[in-house]
Amino acid sequence: MKKVLTIAGSDSCGGAGIQADLKTFSAHLVYGMSVVTSVTAQNTQGVFGALDMPRDFIELQIKVVFEDIKVDAVKIGMLSSSEIIKTVSQSLKKYGAINVVLDPVMISKSGFKLLKYEAIETLIQDLIPVCTIITPNIHEASLLADMEIKNINEMKEACQRIHKLGAKNVLVKGGHLDDDAIDVLFDGKEFYYFKGQRINTINTHGTGCTLSSAIASNLALGYPVPDAIKNSKEYIQRAIENSFSIGHGVGPVDHLYAFRGGKQNEK
Ligand SMILES: Nc1ncnc2c1ncn2[C@@H]1O[C@H](COP(=O)(O)OP(=O)(O)OP(=O)(O)O)[C@@H](O)[C@H]1O
Ligand SMILES: Cc1ncc(CO)c(N)n1
């Protein structure tokens with residue numbers, strides 16, 4: 001069985017972060033492992049606090065996993081500070097991690113800062129070069145590329161700029177634009193377009209975490225980058241189609257029915 005590691009924050013309500021990642025791995029029939037970087041107190045209405053793990057303990061978690069187990073892919077999510085980013089990038093280099101998917105999580109849907117702004121430069125310098133693919137949303141891409149993004153042409157321009165920063169593959173996600181949910185991939189040579197059908201729901205908690213974990217799963221399973229994204233885009237589409245309400249705010253996407261294409265009967 002392929003083994004996939006997430007290095008990310010915990011979401012207490014289970015819709016995003018480590019919890020979404022592990023659910024996505026299971027749905028893809030790969031074995032999920034986790035290194036916790038931060039514990040958030042979070043529900044469908046927002047993020048109410050975050051407590052970072054000490055950096056030497058993050059380092060220890062990564063070390064014991066890599067020293068014992070062959071890791072087929074890594075998904076990186078919330079890393080809140082420059083120190084944590086450096087710890088993770090040094091460890092990934094040390095253990096020769098392959099198929100590394102970086103979701104450069106910066107702000108939660110509810111507006112809570114999950115990354116300190118001054119750490120963006122460290123993310124660019126230290127982490128981007130270690131990764132196979134980076135998957136920014138529109139807001140994250142505009143900070144990394146230092147430009148406004150309002151349409152597909154500007155998404156393409158941002159892909160090129162982020163590629164110049166040293167990212168091998170760049171997927172700018174269009175979930176936050178108004179029209180069809182199109183994501184654009186640039187691999188340094190060609191652009192690829194992944195079109196989704198926009199679903200009119202508020203229950204989109206964890207879409208970014210889910211997509212990046214699906215990409216990591218597909219890379220572990222041996223799919224080349226464009227195919228891994230195509231499969232993952234189909235997965236997130238079904239996961240949003242089957243998303244549901246669990247509390248008073250933004251509900252999670254579905255992982256139980258999405259992979260096999262079924263429908264959820266009881267919400
Ligand atoms: N309403 C929607 N309908 C269909 N697809 C969507 C919708 N919202 C987002 N997506 C898709 O979900 C994936 C994740 O994109 P999104 O832009 O929401 O990520 P994100 O902002 O990083 O997520 P998060 O807020 O969880 O960090 C992309 O493939 C995007 O196109
Ligand atoms: C822990 C965590 N990681 C990522 C996200 C995505 O925004 C979130 N809400 N919480």
Side-chain angles (χ1 to χ4, degrees), residues 6-24 34-53 75-80 84 101-115 133-144 149 152 155 158 171-185 192-215 218 228-243 249-254 258:
T6 170
I7 302 176
S10 164
D11 167 4
S12 47
C13 79
I18 290 272
Q19 288 78 1
D21 300 341
L22 291 174
K23 291 172 193 180
T24 305
S34 62
V35 164
V36 180
T37 58
S38 183
V39 178
T40 71
Q42 186 170 172
N43 62 22
T44 63
Q45 295 177 293
V47 180
F48 296 86
L51 183 67
D52 287 344
M53 288 290 109
K75 174 253 158 87
I76 303 173
M78 175 186 176
L79 307 177
S80 79
I84 294 179
V101 181
L102 171 60
D103 184 11
V105 171
M106 295 184 189
I107 299 182
S108 75
K109 284 214 163 80
S110 57
F112 189 93
K113 256 194 212 174
L114 298 169
L115 170 77
I133 176 166
I134 182 168
T135 63
N137 66 20
I138 293 286
H139 171 74
E140 293 151 356
S142 65
L143 283 170
L144 292 168
I149 306 172
I152 296 274
M155 287 171 84
L171 182 75
V172 174
K173 298 173 293 190
H176 297 258
L177 288 181
D178 285 339
D179 40 11
D180 278 345
I182 294 184
D183 303 342
V184 179
L185 169 70
Y192 301 78
Y193 305 91
F194 303 90
K195 201 168 166 208
Q197 220 174 22
R198 177 162 296 282
I199 298 154
N200 189 13
T201 174
I202 65 151
N203 297 324
T204 55
H205 186 62
T207 50
C209 304
T210 298
L211 182 75
S212 52
S213 296
I215 296 171
N218 276 283
I229 298 171
K230 180 177 174 285
N231 294 344
S232 304
K233 186 72 180 160
E234 287 167 9
Y235 181 81
I236 189 68
Q237 182 79 36
R238 288 195 298 272
I240 301 173
E241 271 165 19
N242 284 296
S243 66
V250 176
V253 301
D254 162 80

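This chain uses plain numbering: 1 for the first residue, then up along the sequence. Each ligand, and each atom within it, is numbered from 1 in the order the structure gives. Side chains included, hydrogens not; waters and symmetry mates left out as well; all remaining heavy atoms used.
- Between atom 3 (N) of ligand 2 and the options Cys13, Gly17, Ser212, the minimum heavy-atom separation is to Gly17.
- When non-hydrogen atoms are compared, ligand 2 lies under 4.0 Å from the backbone of Ser10 (N, CA, C, O) but not from its side chain.
- Considering backbone and side-chain N/O atoms, Asn137 comes within less than 3.5 Å of an N/O atom of ligand 1.
- Ser12 places a side-chain N or O within donor-acceptor distance of the main-chain N or O of Gln42, the cut-off being under 3.5 Å.
- Take Thr6 and apply the side-chain hydrogen bond (donor to acceptor under 3.5 Å, both in side chains) test, not counting sequence neighbours, and it matches Asp21.
- A distance-only check finds a donor-acceptor pair linking the side chain of Gln237 to the backbone of Gln197 [under 3.5 Å].
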Derivation of the side-chain contact (heavy atoms from CB on, under 4.5 Å) call for Thr37 and Asp52: CA-CA 6 Å; Thr37 58; Asp52 287 344; over 6 Å; no
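- Using a non-hydrogen distance threshold of 4.0 Å, Asp183 registers as a contact of ligand 1.
- Of all protein heavy atoms, the one closest to atom 21 (O) of ligand 1 is His176 NE2, 2.5 Å.
- Closest protein heavy atom to atom 10 (N) of ligand 1: Ile240 CD1, 3.7 Å.
- Nearest-heavy-atom check against atom 31 (O) of ligand 1 across Lys233, Lys173, Met78 picks out Lys233.
- When all heavy atoms are compared, the tightest approach of Leu115 to Leu79 is CD1-O, 3.1 Å.
- Remark: the Lys109 side chain and the Thr207 side chain contain an N/O donor-acceptor pair separated by less than 3.5 Å.
- For atom 26 (O) of ligand 1, the closest non-hydrogen atom on the protein side is Gly208 N, 3.1 Å.
- In terms of modelled atom types and a separation under 3.5 Å, the side chain of Ser80 and the main chain of Leu114 share no donor-acceptor contact.
- The single protein non-hydrogen atom nearest to atom 4 (C) of ligand 2 is Cys209 SG, 3.7 Å, given as residue, atom name and distance.
- In summary, the atoms of ligand 1 found under 4.0 Å from a heavy atom of Arg198, numbered by their order in the structure, are 1 (N), 2 (C), 3 (N), 4 (C).
- Nearest protein neighbour of atom 3 (N) of ligand 1, counting heavy atoms only, is Ile199 N, 2.9 Å.
- Here the side chain of Glu140 pairs a donor or acceptor atom with the backbone of Asn137 at under 3.5 angstrom.
- Among all protein heavy atoms, the one lying closest to atom 12 (O) of ligand 1 is Ile236 CG1, 3.7 Å.
- Of the heavy atoms in Thr207, both backbone and side-chain atoms come closer than 4.0 Å to ligand 1.
- By the 4.0 Å heavy-atom criterion, Gln197 is counted among the residues contacting ligand 1.
- Sorted by first and then second residue, the salt bridge (charged side-chain N to carboxylate O under 4.0 Å, His left out) pairs with a member in residues 192-212 read Asp180-Lys195; sequence neighbours excluded.
- In the vicinity of Lys109, heavy-atom distances shorter than 4.0 Å reach the ligand 1 atoms 23 (O), 24 (P), 25 (O), 26 (O).
- Within ligand 1, the atoms closer than 4.0 Å to a non-hydrogen atom of Leu211 are 29 (O), numbered from 1 in the order shown.
- The main-chain N or O of Ile76 is never found under 3.5 Å from a side-chain atom of Asp103 such that the two would form a donor-acceptor pair.
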Worked check of side-chain contact (heavy atoms from CB on, under 4.5 Å) between Asp11 and Ile18: CA-CA 7 Å; Asp11 167 4; Ile18 290 272; over 6 Å; no
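- Which parts of ligand 1 touch Gly206 is read off a 4.0 Å heavy-atom cut-off, strictly below it: atoms 26 (O).
- With respect to atom 7 (O) of ligand 2, the closest heavy atom belonging to the protein is Ser108 CA, 3.7 Å.
- For atom 9 (N) of ligand 2, the closest heavy atom belonging to the protein is Gln42 OE1, 2.8 Å.
- At a 4.0 Å cut-off, not a single heavy atom of Ala16 sits close enough to ligand 1 to count as contact.
- Close approach of ligand 2 to Gly9 is summarised as follows: ligand atoms under 4.0 Å from at least one heavy atom of the residue are 1 (C).
- Looking only at distances, no side-chain donor or acceptor of Ser243 sits under 3.5 Å from a matching main-chain atom of Asp254.
- Remark: side-chain polar atoms of Thr201 are paired, donor with acceptor, to backbone N or O of Asn203 under 3.5 angstrom.
- When only non-hydrogen protein atoms are considered, atom 9 (C) of ligand 1 lies nearest to Gly175 CA, 3.6 Å.
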